[in-house]
2 protein chains.
Amino acid sequence: MDISRHDIHSCEIPSLCKACEVRHKGMCGALNPDELTLLSRHTRQIEHPSGEELVGESTHVEAYDNIMRGVVKLSKTLEDGRQQIVGLQFAPDLVGRLYASESPMTAEAASDVEVCRVPRATLERLIDRNPALRKRLMEQALRELDEARDWMVTLGRKTAAEKVASLLLLIATHLDPDATGERRIFDLPMSRLDIADYLGLTIETVSRQFSRLKKDGIIAITANRHIEVLSLAKLQARCG
Amino acid sequence: MDISRHDIHSCEIPSLCKACEVRHKGMCGALNPDELTLLSRHTRQIEHPSGEELVGESTHVEAYDNIMRGVVKLSKTLEDGRQQIVGLQFAPDLVGRLYASESPMTAEAASDVEVCRVPRATLERLIDRNPALRKRLMEQALRELDEARDWMVTLGRKTAAEKVASLLLLIATHLDPDATGERRIFDLPMSRLDIADYLGLTIETVSRQFSRLKKDGIIAITANRHIEVLSLAKLQARCG
DNA sequence: ACCCGACCTTGATCAAGATCAATTTTGCCC
DNA sequence: GGGCAAAATTGATCTTGATCAAGGTCGGGT
């Protein structure tokens with residue numbers, strides 16, 4: 001068996017797999033045993049309760065955070081306090097702007113989050129040596145760029161109704177990528193204020209749009225964050 | 001002399017330098033002579049007049065375009081025709097979504113543009129072999145991601161007046177990065193419609209904001225696209 | 001179960017920017 | 001320079017979403 005290319009789900013070496021799964025989620029396929037050992041010596045596992053800041057905007061950054069569990073919210077703030085959420089990250093994404101010593105934005109735990117914190121120098125050395133890890137990070141950057149540009153269309157050109165529908169569709173498809181049929185049930189990983197800050201709207205407008213989707217029988221809401229999408233097709237039709 | 005790391009501006013081998021400067025702007029520092037030869041055999045130099053499409057949205061992509069001269073406009077369009085510009089690229093950026101066979105957006109010449117077209121397979125092979133080229137492309141992707149996220153704040157949270165001021169400031173600083181003092185003179189590389197599509201506004205609103213900046217003595221406009229910024233500080237103060 | 005504060009919804013009003021409709025200006029071709 | 005189409009400006013009006021202001025609901029703690 002080729003250990004350097006083993007997989008979390010099919011690994012046949014439990015001890016190594018355990019270390020991998022617990023401490024280095026998503027880097028797993030990219031590292032050989034020596035590299036895993038190096039990584040293990042320099043990393044710490046950290047738990048962040050919902051709302052806690054992982055990295056502050058314009059602060060000096062000494063480490064990257066590999067997400068093991070939970071959702072991380074990336075945001076930027078203007079001097080007068082206006083805020084815009086510029087992205088969400090999920091396991092096994094790496095949090096932190098590669099090759100920059102100062103963070104261009106705030107990273108905050110949207111849900112309870114578990115990360116594996118790797119010192120800058122350690123990770124950057126691994127990147128230089130390991131093609132698979134490099135490729136994974138390149139692909140993350142390109143995927144995030146695609147997502148950011150998609151979202152620019154939503155922010156710049158869609159109506160409030162289309163923005164809210166687009167977000168619900170994004171979350172529905174993201175949280176359960178291979179579900180089939182017209183229905184989806186999930187819990188929103190964010191408050192109304194977060195949603196407003198993601199969509200460039202106010203909480204009142206978001207709330208009104210939710211009410212309208214409910215009245216039109218496209219979604220059902222119980223307990224504020226628990227959403228039931230009743231017709232994915234109708235939701236899609238409202239995305240512009 | 002280390003040919004593999006030679007520079008456009010300091011190259012001491014004229015023939016190679018000429019090929020490099022004319023055909024592979026910006027890849028120059030990243031390639032050794034063998035690689036340059038490989039590249040030269042597979043690439044073509046192409047001129048695009050302003051307005052011509054380099055790559056269409058959702059079309060199959062067979063090549064990347066290295067910008068030699070001019071400005072390229074990246075845009076996305078909704079079914080009903082609403083358009084959003086999601087980025088601008090300048091020499092020596094590489095146009096085209098790496099590792100994707102289908103383009104996620106339209107790339108169009110904003111000014112007259114000269115590119116060097118490299119087949120997908122050729123460039124991807126070079127990326128695997130050449131660390132410096134890889135690094136350059138990784139840094140382009142990360143820089144574009146930073147720019148996209150900055151723009152998301154502008155699109156989602158700024159007023160029309162702040163948006164227009166932000167764009168003028170962006171262009172002023174981009175076209176002449178090391179100018180000093182309070183004044184800047186330049187030609188806009190885009191029409192009012194393009195500006196509106198970049199800012200998520202209508203042409204009428206853009207025009208009114210230009211008139212207001214003119215009335216307030218912050219800019220002077222002659223001949224539609226010729227802009228004179230009279231006070232960079234006052235412009236900056238209006239960016240939010 | 002009850003309380004309390006945070007979060008959410010709903011309504012009334014307001015204002016920023018879109019839309020509709022003329023002009024005016026510019027660049028361009030002859 | 002005159003003519004013309006495309007691009008830009010300006011004005012009047014309308015619409016969408018922001019703002020202001022109450023209430024209502026949820027969830028955690030005692």
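As the structure is a prediction and not an experimental result, all values here were calculated from the model. We use all heavy atoms of the structure for the numbers below, so side chains are in, but hydrogens, waters and symmetry mates are not. Within every chain, numbering begins at 1; the chains are lettered A, B, ... in the order of the sequence lines, protein sequences first and strands thereafter.
- In the helix from C:dA1-D:dT30 to C:dC30-D:dG1, the terminal helix axes, each the rotation mapping four pairs' C1' atoms onto the next four within five end pairs, subtend 50°, rounded to 10°.
- Between B:Arg157 and A:Asp197, at least one side-chain N (NZ, or NE/NH1/NH2) sits under 4.0 Å from a carboxylate O, which counts as a salt bridge.
- Look at CG on B:Leu213: it is 15 Å from C1' on D:dT9, rounded to the nearest Å.
- Between A:Glu47 and A:Arg69 a salt bridge is recorded (basic side-chain N to carboxylate O distance below 4.0 Å).
- When rounded to the nearest whole Å, the span between CZ of B:Arg225 and C1' of D:dA8 equals 11 Å.
- Under the 4.0 Å criterion applied to side-chain N and carboxylate O atoms, A:Arg238 and A:Asp216 are assigned as salt-bridge partners.
- The side-chain heavy atoms of A:Glu228 and A:Phe186, taken from C-beta on, include no pair separated by under 4.5 Å.
- A salt bridge does not link A:Arg117 to A:Glu62: none of the charged side-chain nitrogens sits closer than 4.0 Å to a carboxylate oxygen.
- Bracketed by its first and final contacts, the part of DNA chain C lying under 4.0 Å from non-hydrogen atoms of chain A reaches from C:dC8 to C:dA12 in 5' to 3' order.
- Atom CZ in B:Arg208 sits about 11 Å away from atom P in D:dA12, given to the nearest Å.
- One can place CZ of B:Arg212 at 15 Å from C1' of D:dT10, the figure rounded to the nearest angstrom.
- The residues B:Arg149 and A:Glu144 are annotated as salt-bridged, a charged nitrogen and a carboxylate oxygen being separated by less than 4.0 angstrom.
- Listed by chain and residue number, nothing satisfies the side-chain hydrogen bond (donor to acceptor under 3.5 Å, both in side chains) test with B:Arg184 (two or more places apart in sequence, or in another chain).
- Between A:Leu142 and B:Leu98, the closest side-chain pair of non-hydrogen atoms falls below 4.5 Å.
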Q) Given B:Phe210 and B:Ile227, is the side-chain contact (heavy atoms from CB on, under 4.5 Å) satisfied, shown in steps? A) CA-CA 10 Å; B:Phe210 272 27; B:Ile227 302 278; 4.3 Å; yes

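- Interface residues of residues 194-203 of chain A facing DNA chain C, ordered by number: none; criterion, heavy-atom separation under 4.0 Å.
- The side chain to side chain donor-acceptor pair (under 3.5 Å) contacts involving residues 163-175 of chain A comprise A:Lys158-A:Ser166, where partners must be two or more places apart or lie in separate chains.
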Which atoms of nucleotides 22-28 of chain D (N or O only) lie under 3.5 Å from a protein N or O atom, and what are those distances?
none

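- Taking the nucleotide of DNA chain D with the nearest heavy atom to each of A:Thr205 and B:Val206, the more 5' of the two is matched to B:Val206.
- The number of heavy-atom neighbours closer than 6.0 Å to CD of B:Glu102, taken from other residues, nucleotides and ligands shown, is above 12.
- For the pair A:Lys158 NZ and D:dT16 C1', the computed distance is 18 Å after rounding to whole Å.
- Proximity of B:Leu167 to B:Ile195: side-chain heavy atoms (C-beta onward) are separated by under 4.5 Å at one or more points.
- With respect to B:Arg143 and B:Asp93, a salt bridge is recorded, a charged nitrogen being found less than 4.0 Å from a carboxylate O.
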